[in-house]
Amino acid sequence: MNRIFALADCNNFYVSCERVFNPRLEKKPVVVLSNNDGIVVSRSNEVKSLGIKMGVPIFEIEDLIKKHNIQVLSSNYTLYADMSNRIMETLSMFTPDIEVYSIDEAFLDLAGFKKSLTEYGQEVRKTVKQWTGVPVSIGIGKTKTLAKIANYIAKRSEKANGVLDLTDSPYMDKALAQVPVEKIWGIGRRTAAKLNKMQITTAFDLSKIDAEKIRDKFGIVFARVVCELQGICCYDLEQNPPAKKSISVSRMFGEPIESKEKLIEAAASYTSRAGEKLREGGLSTGLLTVYVATSQFKQDTYFNSHTVKFEVYTNDTTELIRAAVGSIEKLYRQNCQFKRCGIILNELAAQQQIQNSLFDTADRQKSKRLMETIDKINNKTGMPLRWAVEGITQPWQVKFKKLSKRYTTCWRELPEVA
DNA sequence: TCTGGGGTCCTAGGACCC
DNA sequence: TCTGGGGTCCTAGGACCC
């Protein structure tokens with residue numbers, strides 16, 4: 001059966017969320033920054049047209065910020081996650097066949113819809129804007145990759161007005177010719193550079209290639225991209241997201257750390273968060289990896305990791321922290337300016353499927369009750385319990401200097417109307 | 001001085017076995 | 001002392017996504 005995919009993608013998502021609750025930001029240049037207010041992760045159209053690229057460090061654009069009075073905000077992840085949920089709920093009203101692809105994107109299956117897809121897209125767009133305040137663009141195509149392409153153009157073309165349908169379009173070739181290879185879904189910087197050397201610069205050029213012929217040189221993922229551009233569907237809608245394979249928690253420190261004690265604090269704190277994520281998903285882990293690193297932009301970089309295997313799968317934070325602290329003892333180096341630490345949990349399994357060991361000495365029932373109690377307390381109060389080993393002063397904590405309020409998830413921070 | 005975080009999949013190469 | 005090949009499993013690293 002023929003498929004028709006629509007991709008609904010929010011415009012400048014983080015910036016748009018901020019504008020919903022602070023209309024003074026409308027029509028002004030706005031950027032949202034990453035953790036530690038490090039790099040630019042979301043830009044308004046005004047900022048894009050100033051030539052400021054995604055991912056540039058903030059200190060490199062200080063002059064432009066002053067000159068154009070760019071409004072600068074820290075990331076407010078709580079707000080964005082809540083807005084995302086509202087948008088996805090709104091989209092689900094239009095079809096039950098929806099795949100939430102990322103915080104600001106969803107694929108909808110529109111196969112079998114009789115009326116004009118463009119009109120339908122406009123209706124979706126209007127509704128999301130009305131109900132949530134966030135502008136979305138909609139691209140429609142016979143494969144996910146073509147829907148992405150349509151979306152790319154819908155965002156940029158004035159004529160499209162936010163919606164472009166490329167199913168059976170007489171303008172298909174023209175549309176593909178507008179899209180540089182590096183903007184195609186699945187083609188990154190490396191592959192784009194290789195293609196450019198071969199005089200393949202647009203999606204149109206790429207769609208004319210024989211996928212089988214270059215499969216050996218470029219791999220199967222690439223071959224699929226080419227097929228999808230040709231209208232051959234390789235990726236279906238995924239409505240039931242596959243089980244997670246890894247959980248990770250990592251941060252750059254607010255300031256570099258030299259002492260082992262502080263490094264242990266940070267590692268314990270991230271591990272505690274990883275444990276919460278495990279239990280939220282009803283999972284346990286068999287493998288914990290800790291890594292530490294100095295700044296990648298300084299000389300004499302040091303990166304190292306250590307992995308611990310658990311005899312019995314666990315989601316007990318005390319056990320996880322013990323493993324993480326032991327790893328730091330092995331990884332620590334003196335006179336080293338640590339700038340980052342991360343915890344990765346692999347070999348995840350649902351709690352029910354766990355094999356017990358004959359020689360297990362831990363009281364698993366007691367541990368389970370303890371974790372449940374701690375999670376319950378933490379979910380109820382705004383002041384989460386902490387393990388002593390996480391420290392008190394925590395100088396490594398991430399910095400957010402320009403944070404907006406949690407308008408939608410915290411009673412004390414509701415927007416006020418004067 | 002200041003440079004994010006959380007994921008997935010694929011591939012090449014090594015270890016090991018028969 | 002000489003000398004094979006095929007299969008599987010695991011891991012590290014690369015590339016990509018948002």
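Numbers restart at 1 for each chain; the letters A, B, ... are given by sequence-line order, proteins then strands.
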| request: Select one nucleotide: of B:dT8, C:dA15, C:dC18, the one nearest the side-chain heavy atoms of A:Lys244. | output: B:dT8
| field | Closest to the A:Ser250 side chain, choosing from B:dG6, C:dC18, B:dG4 | value | B:dG6
| message | As a test of reading the structure: which of C:dC18, B:dG5, B:dT11 is closest to the side chain of A:Arg340, going by heavy atoms? | response | B:dG5
| A:Arg386/A:Glu276 ion pair, N-O < 4.0 Å | no
| field | Nearest-neighbour nucleotide for the A:Lys277 side chain, B:dC2, B:dG7, C:dA15 considered | value | B:dG7
| said: Using heavy-atom distances to pick each residue's nearest nucleotide on DNA chain B, tell me which of A:Arg215 and A:Gly38 is more 5'. | reply: A:Gly38
| note | A:Ser248 has its side chain closest, among B:dT3, B:dG4, B:dG7, to B:dG7
| field | Nearest-angstrom distance, P atom, C:dT3 to B:dC17 | value | 23 Å
| query | When you match A:Asp37 and A:Ser246 each to their closest nucleotide on DNA chain B, which lands nearer the 5' end? | reply | A:Asp37
| remark: Atom CE of A:Met252 and atom C1' of B:dC2 are separated, to the nearest Å, by 10 Å
| Protein-nucleotide distance (A:Glu60, atom CD; B:dC2, atom P), rounded to Å | 13 Å
| Roughly, in whole Å, what's the span from CD in A:Gln337 to P in B:dT3? | 12 Å
| said: Heavy atoms from C-beta onward define the side chain here; which of B:dT3, B:dC9, C:dC18 lies closest to that of A:Phe297? | reply: B:dT3
| query | Between B:dG6, B:dC10, B:dT3, which one does the side chain of A:Ile220 approach most closely? | reply | B:dC10
| said: Measure CZ/A:Phe253 against P/B:dG5 and give the value in whole Å, please. | reply: 10 Å
| said: Just the rounded figure in Å: distance from P of B:dT8 to NZ of A:Lys245. | reply: 7 Å
| task | Measure the distance from CG on A:Leu7 to P on C:dC17 and round it to the nearest whole Å. | result | 14 Å
| message | Can you identify which nucleotide, out of B:dG6, C:dC17, B:dC10, has its nearest atom closest to the A:Trp185 side chain? | response | C:dC17
| query | Picking from A:Val179, A:Leu195, A:Leu176, A:Thr201, what satisfies side-chain contact (heavy atoms from CB on, under 4.5 Å) with A:Leu206? | reply | A:Leu195
| Which nucleotide, B:dC10, B:dC9, B:dG5, lies nearest any side-chain atom of A:Val221? | B:dC10
| query | Looking at B:dC9, C:dC16, B:dT3, which one has an atom nearest to any side-chain atom of A:Thr191? | reply | C:dC16
